[in-house]
Each structure stands twice: as structure tokens, then as C-alpha cells.
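This report concerns only the one structure given below.
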Amino acid sequence: MKNKVFLLSITALLAVAILTGCYAGAIDNPEFTEAPNGATVINEDTAKRAALEQAKLAEEEVSFDKVELDSDEDGEYEVDFIYDGFKYEVDVDATDGSIKGFDKEKLDKTDYYDDDDDDDVIPSDIEVIGEDAAIAAALAKAELEIAKEELTFIDIELDADDGKVRYEIDFIYNEFKYEMTVDAVSGEVYGYEVEAPRGQESSLPENRLSKEDVLKIALEHAKLAESDVSGIHIKLDEDDGRFEYEVEFVCGYDEYDYDIDAENGKIINFDREGEHCSAPEVSTPDASELIGKDAALAAAIKHAGVDSAKVYDVDVEYDGHHGENHHGNYVYEVEFKCGNTEYDYDINAFNGEVIRYESEIDD
């Protein structure tokens, strides 16, 4: 009878050992520290070493997600780490480093984070694009044609949230602070904020037009095709809280300069100058060939899209010179106001074409 009881006891002990995963006892050569409640406990490095020994892994092989002392309840460390597509969760006794709990769970590669914990984790087998590629994507999104070395400040962090592994990138350029989120797998930029320098209240419009959009607007206005021009330069800039594109290109003798609203595509300013070589000589026109001041004013008002009845402070002057200022054209210089906006036009004196114009809000 005694032999039978003894065999049953051995069987029970073996079952317990199997259910508990054959946990290790107290760890060798522990290092201690003082917990917030004053108790003496092993330190984090010892807890990590105990967890790794239980998993039979080396520290350089894993990515730690959490090492946390839960001294108020069970007096144990919660040690979580990732290795080879698995998440390991190990509970380590805070008094001697023995293992109190152990779990190993396969991570789903389509789900880049752990739903159960507040701290998201990144599986070790996810291939990311790298910091340099992420920074390049951020600069391209901001339409900054610069090298990262030109930035005043930059901070980049690999993180996981909302089902995506991502790079959080903060940088400063020309006193503007940029905060961007870049998908660490695809390189897509899906979070974007810009903070203006102190004293300026502005933020970059999310639905702004692209460089291709504003170039098309400028070329249509100039009645040119992209194949007709060269020296294309497009820059996004901020002026008094409004973001606008500066568009420049050259066609023949003429350089075209546009300021275009980044949100609605409205042409704010336009200038065309013959700066690149001497224009051909133009013979002095006969007065009968000129359209006249009234027609020049009408052409400017029509282009501005304002009500002629509300126009005031009108000044129209004929410029009979055809030097560099008007790239070989005789022009009418037209100035007027409508509402709180001042308009300034150069109108071709022969055909009424708008050669240059500017508009400015009069504060």
C-alpha cells in the first residue's frame, strides 16, 4: 500500500512539473536593487537574464518589449520580448529570479502589433525600409529638395501603432517644425503636420495641390506646353499665413514667374520678363495699331475677374519703350483697386494680352 501511495506521489509531481514548464529555480549570481515600496528585489538586468535562460536565448537575439516590476501584487517582473516571429512573456520572481510563468505566442505577420498590451511590439522578421529611406520619403512629401544634413534638427523613431509599423520623424527646416509618420514597410507618408515659426499662425494644407497640378495651371495660363519650356523650378512657400507655390520656367527669350495658391490653384501673381538674351528689334508702332487705354483697362479687369463698377483709383499709362522691362513689347501699364486689393498689370498694347500682373491685399 505504501509503495502504491509513493508511486502516485511521484506521478503527481511529474504532472506538476510538466504543467509548469519545468521552470528554473533561483538564478545564479543575482544583482539586487530597492523597489519603490522599499523591498529588496533583483534588478532589471537579472530579471532579463532569468527570462532569457528560461527561453534558452541570448540577449542579442531578441527585441525586448517590456521589463516591468509589478511589486504591488505578486512581487514579480513581467518580461516580454520578440524572437523569430514569436512573442515571449515571462514572469520572474522579484526576490530570487525564479520563473513563475512562461508563455510563447506566434505573431501574425499581417498584424504588426500586439492587441493585448498597451505597448505595441514589432515582430523581428518584419522587413522595414530603413531610416535613410524614411527620411527621403518625408522630405519628398514636404517637397524639400535638400539633403538631411541641411536640416536644423532631426529625430526619428521606429514604432508600431494602429496595425502598422512606422517611423515617427520630426525635423526643423527654415524654422518650420515638421512632424511626419512614414509606413516602415511601404514608405508611404500618411501623417503630416507643419508648425510655423513662433508668431506665425499657419499650417500646411493637407489637400494642397501637387507640383504637377500647379505647373499645369501655369502652362495653361501661359498657353504653352511642357515641351516648350525649360528651367522648370517649383517651390512651396509660406507668405502671411498662406501657402503658395512659386513656379518658374523659361520659353524663348522670356522667363515666366508665377505665385499660385497651394489650395485652390488661383494665380496670385504673374510676371514675364525677357532676361535671358536680347529680344529682336520691334519697329515703332503707329498709334492706330494700339488698342487704347480703355481696352487695356477692360482686359485687365476681365482677367482679374472683378466688377468694373467697383473698380477705383484707376491709372493707365502707355509705355512706348520696348527694352528689357517689357521683353520687346509695347505695353499699357494698368493699376487699379477693387475692395481691399491692389492690381498691377502690363497689357500688350497691340492685342490686349496680359503680359504681367500682380495683386496685393492692402492692409
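This one's a predicted model, so the numbers in the text were calculated from it and none came from an experiment. Hydrogens, waters and symmetry mates play no part in the numbers below; they use all other heavy atoms, side chains included.
- Val67 and Ile27 are assigned to two separate hydrophobic clusters, defined by single-linkage of ILVMFWY side chains at heavy-atom distances under 4.5 Å.
- Side-chain contact check for Thr341 versus Glu360: every heavy-atom pair is 4.5 Å or farther apart.
- Proximity of a side-chain donor or acceptor of Tyr245 to a complementary backbone N or O of Leu209 within less than 3.5 Å is detected.
- Asp155 CG: more than 12 foreign heavy atoms inside a 6.0 Å radius.
- When only modelled atom types and interatomic distance are considered, Thr40 and Glu34 share no side-chain donor-acceptor pair under 3.5 Å.
- Annotation: side chain of Asp132 is in contact with side chain of Lys148 (closest heavy-atom distance under 4.5 Å).
- One distance of note links CD1 of Ile154 with CG of Leu139; it measures 7.0 Å at 0.5 Å rounding.
- Val247 approaches Ala218 most closely through the heavy-atom pair CG1-CB, 4.1 Å.
- Asn269 contributes a side-chain N or O that, together with a main-chain N or O of Ser359, makes up a donor-acceptor pair within less than 3.5 Å.
- Put simply, the side chain of Val311 does not reach to within 4.5 Å of the side chain of Tyr343, judged on heavy atoms.
- Looking only at side-chain heavy atoms (C-beta outward), Asp261 and Glu244 stay at 4.5 Å or farther from each other.
- Residues that satisfy the side chain to side chain contact (heavy atoms under 4.5 Å, CB included) test with Ile172, not counting sequence neighbours, are Thr152, Phe153, Lys177.
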Give the C-alpha distance, both sets of side-chain angles, the deciding distance and a yes or no for side-chain contact (heavy atoms from CB on, under 4.5 Å) between Leu151 and Tyr178. CA-CA 11 Å; Leu151 301 175; Tyr178 296 76; over 6 Å; no

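- Rounding to the nearest 0.5 angstrom, the gap separating the CD atom in Gln54 from the CG atom in Leu57 is 10.5 Å.
- With hydrogens and angles ignored, the 3.5 Å screen pairs a side-chain donor or acceptor of Tyr332 with a backbone N or O of Gly292.
- Shortest non-hydrogen contact noted between Val62 and Tyr83 is CG1-CB, 4.0 Å.
- Tyr173 places no side-chain N or O within donor-acceptor distance of the main-chain N or O of Ile146, the cut-off being under 3.5 Å.
- Looking at Val90 and Phe81, their side chains come closer than 4.5 Å, going by heavy atoms from C-beta outward.
- The two residues Gly97 and Ala50 come nearest to each other via the heavy atoms O-CB, 3.4 Å.
- The side-chain heavy atoms of Asp183 and Arg166, taken from C-beta on, include no pair separated by under 4.5 Å.
- In this structure, Val79 and Ala51 approach most closely via the heavy-atom pair CG1-CB, 3.8 Å.
- How far CD of Glu105 is from OH of Tyr88: 12.0 Å, rounded to the nearest 0.5 Å.
- The OH atom of Tyr167 sits 5.0 Å away from the CG atom of Leu158 when rounded to the nearest 0.5 Å.
- The minimum heavy-atom distance between Ile42 and Pro30, with the atom names listed, is CG2-CB, 4.1 Å.
- The pair Arg356-Asp257 does not meet the salt-bridge criterion, since no charged nitrogen lies less than 4.0 angstrom from a carboxylate oxygen.
- In this structure a side-chain-to-backbone donor-acceptor pair under 3.5 Å is present from Arg49 to Asp28.
- Contact check for Ile347 versus Ile291: side-chain heavy atoms found under the 4.5 Å cut-off.
- A salt bridge (charged side-chain N to carboxylate O under 4.0 Å, His left out) with Lys100 holds for exactly one of Glu89, Glu76, Glu78; it is Glu76.
- In this structure, Tyr318 is a member of the same hydrophobic cluster as Val334, with clusters built from ILVMFWY side-chain heavy atoms closer than 4.5 Å.
- The aromatic rings of Phe350 and Tyr330 lie perpendicular to each other, with more than 60° between the two planes, well past the 30° mark.
- Nearest approach of Val182 to Ala137, heavy atoms of both residues: CG1-CB, 4.2 Å.
- Side chains of Tyr256 and Leu224 form a contact here, defined as non-hydrogen atoms less than 4.5 Å apart.
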I would like to know whether Glu335 and Val314 meet side-chain contact (heavy atoms from CB on, under 4.5 Å); could you show each step before the answer? CA-CA 6 Å; Glu335 298 179 1; Val314 175; over 6 Å; no

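- Within the structure, side-chain hydrogen bond (donor to acceptor under 3.5 Å, both in side chains) contacts touching residues 211-226 (residues at least two apart or in different chains) are Glu145-Lys211, Ser210-Glu212, Ser210-Asp213, His221-Tyr258, His221-His303.
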